[in-house]
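Computation of the quantities below employed the complete heavy-atom set of this structure, encompassing side-chain atoms and omitting hydrogens, waters and symmetry-equivalent molecules.
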Amino acid sequence: RIFNVRFGMEKFHGVLIPPGEEFSFVEILGEVNAETGWRPELVIRNNRTEPEYGGGICQVSTTLFRAAVFSGLRITMRQNHSYPVKYYKPIGFDASVYVPMPDLRFVNNTPGHVLIQGEIDGSELIFRMYGTDDGREVVVEDPIVLERGEDGTMKTSFTQLVKDASGETLIDKTFFSNYD
């Protein structure tokens, strides 16, 4: 898993997104198999945890999703995991990807290019996004549990609010997660 997380992070380190362009995680990720360098590790597939090439990729997509949300970028596609994963805390703030779908997509809605920089510090994966400061203010509410079933099912939500320098709302989006 550690190998795959580092290998995945390196695919996104240094990516430059022009203004107005939609970023696609799956497009940059490419094929995931032994021939492209991935190692087998546990993945969630068909509501089960099983070994497959690329296990750990969702740690990369979840971390990048969070960086995009906190940067005030417009998320255009995001899917939560089938069930809550204990190391994606807070629960409800994850992004599952699998080639070709689901994908993680977002638009650079800033006036300049956005540069993605990734690193691993000890056991922590970090993504930073650099771009032109346009004065936007980003407020992200922590996920809340809307419903919790006795069988482990759960529904959560969190909100991303982005305002421009004049205080006008650019994004007011609630993200919902439904876990089996």
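The shortest side-chain heavy-atom distance between I75 and F175 falls under the 4.5 Å cut-off. Between L73 and N108, the closest side-chain pair of non-hydrogen atoms falls below 4.5 Å. Contact check for V114 versus L16: no side-chain heavy atoms found under the 4.5 Å cut-off. Using a 4.5 Å heavy-atom cutoff, the side chains of F158 and I144 are not in contact. Looking at I126 and T63, their side chains never come closer than 4.5 Å, going by heavy atoms from C-beta outward. Annotation: side chain of V99 is in contact with side chain of L29 (closest heavy-atom distance under 4.5 Å). The shortest distance between side-chain heavy atoms of L170 and R136 falls below 4.5 Å. No side-chain heavy atom of I17 sits less than 4.5 Å from a side-chain heavy atom of H113.
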Could you give me the CA-CA distance, side-chain angles and deciding distance for V5 and I120, then say whether side-chain contact (heavy atoms from CB on, under 4.5 Å) is met? CA-CA 9 Å; V5 169; I120 294 182; 4.3 Å; yes

Mind running side-chain contact (heavy atoms from CB on, under 4.5 Å) on L115 and Q117 for me, showing each step along the way? CA-CA 6 Å; L115 174 67; Q117 294 282 291; 3.6 Å; yes

Under the side-chain contact (heavy atoms from CB on, under 4.5 Å) rule, what do R1 and L42 come out as? Steps first, then yes or no, please. CA-CA 8 Å; R1 179 169 294 279; L42 296 177; 3.9 Å; yes

Take V140 and V138 through the side-chain contact (heavy atoms from CB on, under 4.5 Å) test and state the conclusion after the steps. CA-CA 7 Å; V140 179; V138 181; 4.0 Å; yes

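Using modelled atom types, no side-chain atom of N4 and backbone atom of E41 make a donor-acceptor pair closer than 3.5 Å. The main-chain N or O of G92 is found under 3.5 Å from a side-chain atom of Y179 such that the two form a donor-acceptor pair. With hydrogens and angles ignored, the 3.5 Å screen pairs no side-chain donor or acceptor of T49 with any backbone N or O of V43. Within the 3.5 Å criterion, the main-chain N or O of N178 finds a donor-acceptor partner in the side chain of N80.
Using modelled atom types and a 3.5 Å distance limit, the side chains of T174 and T159 yield a donor-acceptor pair. For D151 and T153, the side-chain atoms include at least one donor-acceptor pair closer than 3.5 Å. With no hydrogens or angles considered, a side-chain donor-acceptor pair links R78 and S177 at under 3.5 Å. Side chains of E52 and Y98: a donor on one and an acceptor on the other come within 3.5 Å. No side-chain donor from either of T169 and D172 sits under 3.5 Å from a side-chain acceptor of the other.
The shortest heavy-atom contact between E35 and N33 is N-OD1, 3.1 Å. The minimum heavy-atom distance linking P143 with I91 is given by the pair CB-O, 3.3 Å. The shortest non-hydrogen separation linking S96 to C58 is CA-SG, 3.8 Å. When all heavy atoms are compared, the tightest approach of Y88 to Q59 is OH-N, 3.1 Å. Scanning both residues, F127 and G118, for their nearest heavy atoms gives CD2-CA, 3.7 Å. In terms of heavy-atom proximity, T132 sits nearest to G112 at OG1-CA, 3.8 Å.
Counting non-hydrogen atoms of other residues, nucleotides and ligands closer than 6.0 Å to CZ of R39 gives a total of 12 or fewer. Within a 6.0 Å sphere centred on CZ of F7, heavy atoms belonging to other residues, nucleotides or ligands number more than 12. Atom NZ of K11 has more than 12 heavy atoms from other residues, nucleotides or ligands within 6.0 Å.
Under a hydrophobic clustering in which Ile, Leu, Val, Met, Phe, Trp and Tyr are joined whenever their side-chain heavy atoms come within less than 4.5 Å, directly or via other members, I57 and Y83 fall into different clusters. F70 and L161 fall into different hydrophobic clusters, where Ile, Leu, Val, Met, Phe, Trp and Tyr are joined by side-chain heavy atoms under 4.5 Å apart, directly or via other members. Transitive grouping of hydrophobic side chains (ILVMFWY, heavy atoms separated by less than 4.5 Å) brings I28 and Y53 into a common cluster.
The side-chain contact (heavy atoms from CB on, under 4.5 Å) test with I116 is passed by exactly one of M9, R128, H13, M129: M129. Considering M77, Q79, H81 in turn, Q79 is the only one that fulfils the side-chain contact (heavy atoms from CB on, under 4.5 Å) rule with P102.
With rounding to the nearest 0.5 angstrom, the CD1 atom of I171 is 4.5 Å from the CD atom of Q160. Rounding to the nearest 0.5 Å gives a distance of 7.0 Å between CG of L104 and CZ of F65. Put simply, CE on M154 and CZ on R148 are 4.0 Å apart, with the number rounded to the nearest 0.5 Å.
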Please set out all donor-acceptor pairs under 3.5 angstrom arising from side-chain atoms of residues 19-27, sequence neighbours excluded.
residue: E22; atom: OE2; partner: T76; partner atom: OG1; Å: 2.5
residue: S24; atom: OG; partner: E27; partner atom: N; Å: 3.1
residue: S24; atom: OG; partner: D103; partner atom: OD2; Å: 2.5

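Geometrically, K89 does not engage F93 in a cation-pi contact defined by less than 6.0 Å to the ring centre and at most 45° from the axis.
Partners of F176 according to the ring-ring contact (aromatic ring centres under 6.0 Å, His included) rule, which considers only residues two or more places apart in sequence or in another chain, do not exist here.
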